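Before any comments, here is the structure.
Excluded from the calculations below are hydrogen atoms, water molecules and symmetry mates; all remaining heavy atoms, backbone and side chain alike, are included. In what follows, chains carry the letters A, B, and so on, assigned in the order in which the sequence lines appear, proteins first and then strands, with residues in each chain numbered from 1. Keep in mind it's a predicted model, so treat the numbers as computed, not measured.
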Number of protein chains: 2
Amino acid sequence: MASHRKARLVDVARDAGVSPATVSRAMAQPGLLALETLTRVRDSARRLGYLTDGTARALASGRSMTIGAVVPTLDSTIFARVLQSFQSALAREGYQLLVASHEMSLAAETEAVRMLLARGVDGLMLVGAERSQETVRLLATSEVRVVLTWVGAPDFAAVTVDNEAAGRLVAEHLIGLGHRRIGMIVGHLAFNDRQRARLAGVRQAMERAGLALPDALVSEQVLTMAGGRAGCARLLDLAERPTAVIGGIDLFAIGGVQEAQARGLSVPGELSVAGIDDIEFSASMMPALTTVRIPTAQIGQVAASTLLAEISGQGRLEHTRLPIELVVRRSTAAP
Amino acid sequence: MASHRKARLVDVARDAGVSPATVSRAMAQPGLLALETLTRVRDSARRLGYLTDGTARALASGRSMTIGAVVPTLDSTIFARVLQSFQSALAREGYQLLVASHEMSLAAETEAVRMLLARGVDGLMLVGAERSQETVRLLATSEVRVVLTWVGAPDFAAVTVDNEAAGRLVAEHLIGLGHRRIGMIVGHLAFNDRQRARLAGVRQAMERAGLALPDALVSEQVLTMAGGRAGCARLLDLAERPTAVIGGIDLFAIGGVQEAQARGLSVPGELSVAGIDDIEFSASMMPALTTVRIPTAQIGQVAASTLLAEISGQGRLEHTRLPIELVVRRSTAAP
DNA sequence: ACTTTCGATGAAAGCGCTATCATAAAAGGC
DNA sequence: GCCTTTTATGATAGCGCTTTCATCGAAAGT
């Protein structure tokens with residue numbers, strides 16, 4: 001049964017009548033031991049309720065079997081989903097996930113990275129390519145393996161998605177429907193290269209079509225549904241209101257639809273609304289949201305395997321760009 | 001600038017002309033040092049780019065400054081929110097968060113707990129009170145500090161919410177409006193004491209009112225909006241369809257509203273729908289959802305402080321029950 | 001039969017830090 | 001001024017594991 005003091009490696013060794021080294025091998029490289037010894041050690045371990053001390057193991061071996069992730073926030077469908085698939089992919093390989101959030105602050109990201117490095121993580125998952133000099137320096141000197149998500153950068157492995165193309169796709173769709181005056185609700189652009197890229201994509205598509213996207217038609221909001229609603233309200237209050245609104249994230253588009261409907265405007269009859277992300281809700285709302293599908297779960301999964309490849313020495317700063325796709329539903333129509 | 005090999009404590013000590021012990025103190029208990037020594041050590045540390053090795057520190061001190069959390073899934077508004085507030089409260093006190101998910105499997109929870117204990121976490125946050133014998137044994141022998149969330153249990157500190165009362169509140173509200181035939185969509189009841197309690201609360205309110213909740217009117221579904229839709233479809237296909245539907249989580253209620261509307265049924269005119277959770281979306285959907293507000297963010301925050309109190313030796317298995325509240329909006333009306 | 005190789009185990013030196021104990025200098029106490 | 005505290009620092013023994021390196025039979029090669 002359970003011993004009083006926590007069992008250590010030597011206790012198991014004594015109990016099994018072998019050396020500590022043998023027990024260590026039994027736990028980490030069972031293949032090296034004679035079958036008989038192995039079972040004897042395992043029996044003792046079980047009887048004593050022995051659990052390897054990960055701390056000591058990490059110190060002695062130099063590998064912590066722990067991966068760190070720094071995301072803007074955990075409280076977002078998008079990042080939660082990425083983390084869920086990232087975490088379960090890691091768990092399958094015996095790695096644990098240490099998470100930190102920076103809530104859109106460059107300095108907080110630096111601090112989080114510093115803490116994670118101090119914890120001796122074997123690898124790090126970061127969001128986006130924009131970061132402070134200080135963070136970059138920490139990363140470089142620590143030589144920890146890193147995988148970037150959403151947006152990549154030279155010298156880093158990355159799993160990205162073409163945010164600019166995403167913006168372009170929705171914009172082109174709307175332009176194709178005949179919209180000339182299109183508004184956009186985006187997240188605060190500081191320290192958010194994903195939103196900047198999406199905005200850039202929209203702008204690019206419009207310019208190509210000879211249209212303008214004046215500042216008045218771009219509303220920066222906090223990344224919530226309420227933000228979307230507020231942003232849409234601002235755009236609808238304009239003297240020359242847009243005939244279509246693009247949400248930099250689906251949440252914005254959903255808030256936008258609500259605002260329009262609350263004002264008695266029919267969507268898409270009187271206002272077309274589209275988003276980017278394709279979160280679960282978008283498919284089933286009324287009207288179903290036209291959006292661009294971002295393979296969130298896949299990002300986490302591929303990020304995990306990319307990072308593990310880097311750690312194991314295979315993997316040469318691989319950069320995977322995941323495909324995105326315009327999903328036309330019912331929230332958009334000709335003006 | 002950055003040295004080639006990673007700087008260790010002794011390097012800083014040598015550089016500053018002090019003993020390793022002094023450097024250790026400079027990092028951990030600056031108050032003990034003469035100001036002059038302290039600044040000298042700090043300068044050396046900065047110059048060498050020294051970062052404390054958390055692994056070694058943990059081994060030597062016996063505290064890892066790491067907290068583990070095992071949740072059903074990260075990919076859920078609810079748990080994501082709890083984790084976000086939990087994590088940021090911990091970060092403020094210098095603790096890091098190690099997360100694991102069990103995806104509704106008792107065995108996976110055990111495995112996750114085992115891994116976290118092996119990692120030497122100083123504390124553990126768990127969801128609900130139901131777990132395997134094996135998990136309980138691990139917890140007991142490890143003597144790690146634990147805080148339970150949502151549902152509590154004797155011998156554990158906990159931050160809970162009265163799930164049964166939540167179910168009762170919505171049911172009473174509906175009964176008060178005159179509904180006699182009420183259906184419920186719940187999550188799979190195995191290994192989900194939160195859903196079981198909510199169902200029990202609904203049942204209790206109905207019985208008190210002399211009403212029945214036959215099995216046919218309870219639909220178990222996976223915890224997604226699509227599940228809610230499917231559950232509602234099943235209830236609406238019944239020969240004697242209910243006049244009101246309760247979602248065991250808001251997501252179910254939202255899916256339910258969608259299903260009803262898709263069938264051309266007006267909510268709340270022809271069907272009342274209510275949920276439990278009060279997620280962001282519920283307030284702004286059309287019609288706005290009647291639900292019970294669960295203070296999710298607060299759960300995480302209080303769980304953090306409760307756990308830290310346990311760890312520091314203050315805190316005697318405190319049990320905090322957070323208040324919930326019926327929020328009547330537009331999705332419910334008299335039948 | 002006699003090395004040579006291999007397979008299985010043991011001995012022991014760290015991994016980088018903290019914490020205890022000892023010590024030396026400075027500060028009080030009367 | 002001599003003794004007792006206090007304050008600041010040093011010396012050093014671990015924390016519990018992994019990992020060479022060494023060892024010792026047994027299997028294999030010739």
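- Rounded to whole Å, the distance from CG on A/D11 to P on D/dG16 is 9 Å.
- Atom CZ of A/R63 has 12 or fewer neighbouring heavy atoms from other residues, nucleotides or ligands inside a 6.0 Å radius.
- Contact annotation: A/S24 side-chain N/O to D/dC17 OP1/OP2 distance is not under 4.0 Å.
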Can you check nucleotides 24-28 of chain C for protein contacts, nitrogen or oxygen pairs under 3.5 Å, and list what you find?
none

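- A/T37 has a side-chain polar atom (N or O) that falls below the 4.0 Å cut-off from OP1 or OP2 of C/dT9.
- Residues B/A56 and B/L38 each lie close to DNA chain D; by heavy-atom proximity, the contact nearer the 5' end of the strand is made by B/L38.
- A/M65 places its CE atom 12 Å from the P atom of D/dT18, with the value rounded to the nearest Å.
- With hydrogens and angles left out, the side-chain atoms of B/E318 and B/T306 include no donor and acceptor closer than 3.5 Å.
- Salt bridge annotation for B/D11-B/R8: present, with a cationic side-chain nitrogen under 4.0 angstrom from a carboxylate oxygen.
- Residue A/V23 is classed as having no contact, given no heavy-atom separation below 4.0 Å to the nucleic acid.
- Note on A/E143 versus B/K6: no salt bridge recorded, every NZ/NE/NH1/NH2 to OD/OE distance being 4.0 Å or above.
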Atom pairs, protein N/O to nucleotides 20-23 of chain C N/O, distance under 3.5 Å:
| unit_1 | atom_1 | unit_2 | atom_2 | d |
| --- | --- | --- | --- | --- |
| C/dT20 | O4 | B/R25 | NH2 | 3.2 |

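- When the nucleotides C/dC15, C/dA19, C/dA8 are ranked by their closest atom to the side chain of B/Q29, C/dA19 comes out on top.
- Checking B/S105 against B/E103 by side-chain atom types alone, no donor-acceptor pair falls below 3.5 Å.
- Atoms CZ (B/R57) and P (D/dC17) sit 21 Å apart, rounded to a whole Å.
- Between the side chains of A/S132 and A/E109, no donor N or O sits under 3.5 Å from an acceptor N or O.
- For D/dG10, one of the phosphate oxygens OP1 or OP2 lies less than 4.0 angstrom from a side-chain nitrogen or oxygen of B/S19.
- For B/R8, counting side-chain heavy atoms from C-beta on, the closest listed nucleotide (D/dG10, C/dC17, D/dC17) is C/dC17.
- You'll find that the side chain of B/L59 is closest to D/dG16, out of D/dC17, D/dG16, C/dG10.
- As rounded to whole Å, 14 Å separates atom C1' of C/dA11 from atom CG of A/L9.
- For CZ of A/R119, the number of neighbouring non-hydrogen atoms (other residues, nucleotides, ligands) closer than 6.0 Å is greater than 12.
- Atoms CZ (A/R63) and C1' (C/dG16) sit 17 Å apart, rounded to a whole Å.
- You'll find that the side chain of A/D53 is closest to D/dG16, out of C/dA19, D/dG16, C/dG10.
- Look at CG on A/L33: it is 14 Å from P on C/dG7, rounded to the nearest Å.
- Under the 4.5 Å side-chain criterion, counting only non-hydrogen atoms from C-beta, A/V41 is in contact with A/V12.
- Of the candidates D/dC15, C/dC17, C/dT9, the closest approach to any side-chain atom of A/T22 belongs to C/dT9.
- Side-chain atoms of A/L126 and A/L139, non-hydrogen and from C-beta on, do get closer than 4.5 Å to each other.
- Between A/S61 and the phosphate of D/dC17, there is no side-chain N or O to OP1/OP2 separation shorter than 4.0 Å.
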